[in-house]
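Note that the structure is predicted; figures quoted are calculated from it, not measured. Just so you know, these numbers use all the heavy atoms, side chains as well, and skip hydrogens, waters and symmetry mates.
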Amino acid sequence: RFWSLRPFRAPFLSATLLSKEYSTGGKLIRDLPAAPLWWTRFSRWLLGPAVALAILGLQAAAIRWESLSGDGAQHLLAGQHALLYGQNLHNLEHPPLVKLVAALPVLVTDEPLGPPVLPREALAATHRMHRQPERVRKAAVAGRWAVFLAFGVPLLIACFFLGRRFGGSVAGWLLVAVLGFSYNLVPWLSSLQTDAAVACGFLVTLIALLRWQERPSLGRAAAVGAGIGLAVASKFSGLLLLPVVLLVALAPIPGPVDWRRRLALPLLSFPVAASLVLATYAIANRHYDPETGREVIRQYCRGEATLITGNRLAKWEGPLLALERRLPWAAQFATGVLGVTTQDSIGVYPSYAFGEVSSRGRWWYFPAVLMVKTPLVLLVVAVGVVWGFIRGVRGGCGALPLIATLLLYLAVAMRSNYNIGLRHLLPVIPLLYLPLAVGLGRRPRWAVAVGALLLIEAAAVTPNWLAATNAWWLGDRNPTRFALGAGDIDFCQSLNWLAAEARSRGIENLGVLYLGLQDDVLHAYLPAAHLVRPEEPLPPGWYVVNVGVEQLVPGVLQGDPVRIYQYPERHAIAQVWQKAWNRIRSGEDHGWVAGTFHLYRVPVKSP
């Protein structure tokens, strides 16, 4: 019966008639097949607490084990500068909200990890702050808890309300469980990145739009604006919500609605959103100095900041400085948006996927990532429910905001050159999981089995959540084990784990071959280790080669020069690194450790 569509078809009728249900007071969910009494009691009294405790346990492990990864170090330092000195000096490529929240614990200690710096010194300052490893560790752990409580928990609460609207409270808790137990999403709910916050903003906006469709009012239009403001203040991709709001304002909805109420949706929600966004910039710039602020914009426009834009922003320097004299916060926002879109159009990150290295986006990248990184049990269950969901929403407008957001976001993602991580899809992953939660809500035995399998899987791969694929249980025979690169497999997140592995094996003087890693960052986790310089001789001893080396070095050497940014320079670097890699792997192969590090021992040469 699992493969039959019939058991899953009825719950999705709620999507088709959602507007009628809420506008007429009808009890559509009452007409669906009743769940067993034991399931109703369990879901009412035990399901919620059980899901919450399991998610809390997973997050506690992630916050403890993950090293400071990705842009998290920059966000932490920039947020501390904004909170303590009232100046938003660097990392304009992200709005200030998440950085402010992540750095909140510094208000207790009043000790930043480094003095204020301008954009051209931001990367060096971020590396230097790791010279205080204990303080960095405490700041990272405290910041992750702040992000999880401020954005991760509200995101899960929003998932509950979204699931409840389409399938009742059970579906709401199941959507929370599916999202919180999925191993591929565990590290992102508390990461010092912007993804959980912008995903929360997306869901808040969509729930507010669904409520506005039921009964248009000024209060509900303002709630839509608050959701947009949260999304855009977290990440610039939140701007994708604007066309969705316009579409909903023009789309047919049940009942007579005059043009004034339709017009009020964008005319009220957009200013509310803009006010919230600019308010976060105002908080981050409490002690704004015009001369310093203009110098920050100049460095971004001249390609001297943390974005790689060449001279393409030079033409915007004059207009941005003119805007700064009138609206400094708007000038910082515009600088960030222009910088991110320009870097994306150039395609600067050499991304590895399925044996190919390319700086240009692939249309198939995100669909492939979803197939490889989504837990296998969810892919199997999806076969039985997705078609039922499509049949259920066809012809009804209740799910229009969800469908429009999903299609628009995926279309933009598939055209982007940022092929560097599943996390970029987090705003729409709850929408992809929604049919599964609603379908399982009326199948208690299947729901319990799916939830248990997801939780067991997330616990089994600990702390290798980020690098794992859905065939992890095949071990070395997993064909997708290292099929992806960048933020899908390695984001500097495993240095803590590597340090634990080195201690357990009694290895002290460990050589590390890792592209782009700095000495200060490595020594914060492994004080006795050393970075391997490709041009230097290799003494006998223990070495680890990061998976990025094993992917990017041969990928660049065999890659298409047209599709790799700055190919001559990268090709020359890859040749040098290949020699060091060949010398290391000519020694004894001791397998993989800490998920993404290949361990070798170079023996003493016999006389």
* Is there side-chain contact between L156 and L175, with at least one heavy-atom pair below 4.5 Å? -> no
* Given side chains that start at C-beta, do those of N464 and W65 come closer than 4.5 Å, heavy atoms only? -> no
Between [X] and [Y], which heavy-atom pair has the shortest distance, and what is it?
{"X": "D488", "Y": "L422", "answer": "OD1-N, 2.8 Å"}
{"X": "L241", "Y": "A231", "answer": "CD1-CB, 3.8 Å"}
{"X": "L466", "Y": "D490", "answer": "CD2-N, 3.7 Å"}
{"X": "P119", "Y": "T306", "answer": "O-CG2, 4.2 Å"}

Just by distance, do the side chain of [X] and the backbone of [Y] share a donor-acceptor pair under 3.5 Å?
{"X": "R570", "Y": "Y565", "result": "yes"}
{"X": "S67", "Y": "L495", "result": "yes"}
{"X": "R325", "Y": "L321", "result": "yes"}
{"X": "S182", "Y": "L185", "result": "no"}
{"X": "Q343", "Y": "I308", "result": "yes"}
{"X": "R135", "Y": "E111", "result": "yes"}
{"X": "Y365", "Y": "G421", "result": "yes"}
{"X": "Y300", "Y": "L92", "result": "yes"}

* **Aromatic plane relationship, F491 with W188 - under 30° parallel, 30 to 60° tilted, over 60° perpendicular** => perpendicular
* Check side chain to side chain contact (heavy atoms under 4.5 Å, CB included) between A54 and all other residues, then give those that pass, not counting sequence neighbours. => F181, L455
* Apply side chain to side chain contact (heavy atoms under 4.5 Å, CB included) to R286 and Y85, showing your working. => CA-CA 8 Å; R286 299 185 316 281; Y85 304 112; over 6 Å; no
* Structure fact -> Test side chain to side chain contact (heavy atoms under 4.5 Å, CB included), reference T342, set T309, V337, L307, output is T309
Assess the side chains of [X] and [Y]: does a donor N or O sit below 3.5 Å from an acceptor N or O?
{"X": "R144", "Y": "S190", "answer": "no"}
{"X": "T126", "Y": "Q74", "answer": "no"}
{"X": "S351", "Y": "R360", "answer": "no"}
{"X": "Q87", "Y": "D289", "answer": "no"}
{"X": "S191", "Y": "E66", "answer": "no"}

* Asked: Can you name the one residue among Q193, H75, K99 that meets side chain to side chain donor-acceptor pair (under 3.5 Å) with H94?
  -> H75
* Between R120 and E295, is the closest basic N to carboxylate O distance under 4.0 Å? -> yes
* In terms of side-chain geometry, is the basic nitrogen of K235 or D195 positioned less than 4.0 Å from the acidic oxygen of its partner? -> yes
* Rounded to the nearest 0.5 Å, what separation is found between the CH2 atom of W465 and the CG atom of L58? -> 7.0 Å
* Kindly state whether the ring of Y409 and the ring of F202 have centres lying under 6.0 angstrom apart. => yes
* Validation row, ring centre H130 to ring centre H523 under 6.0 Å -> no
* Asked: Is R261 atom CZ crowded by more than 12 heavy atoms from other residues, nucleotides or ligands, each under 6.0 Å away?
  -> no
* To do: Please lay out, stage by stage, how T205 and L209 fare under the test side chain to side chain contact (heavy atoms under 4.5 Å, CB included).
  => CA-CA 6 Å; T205 303; L209 280 174; 4.3 Å; yes
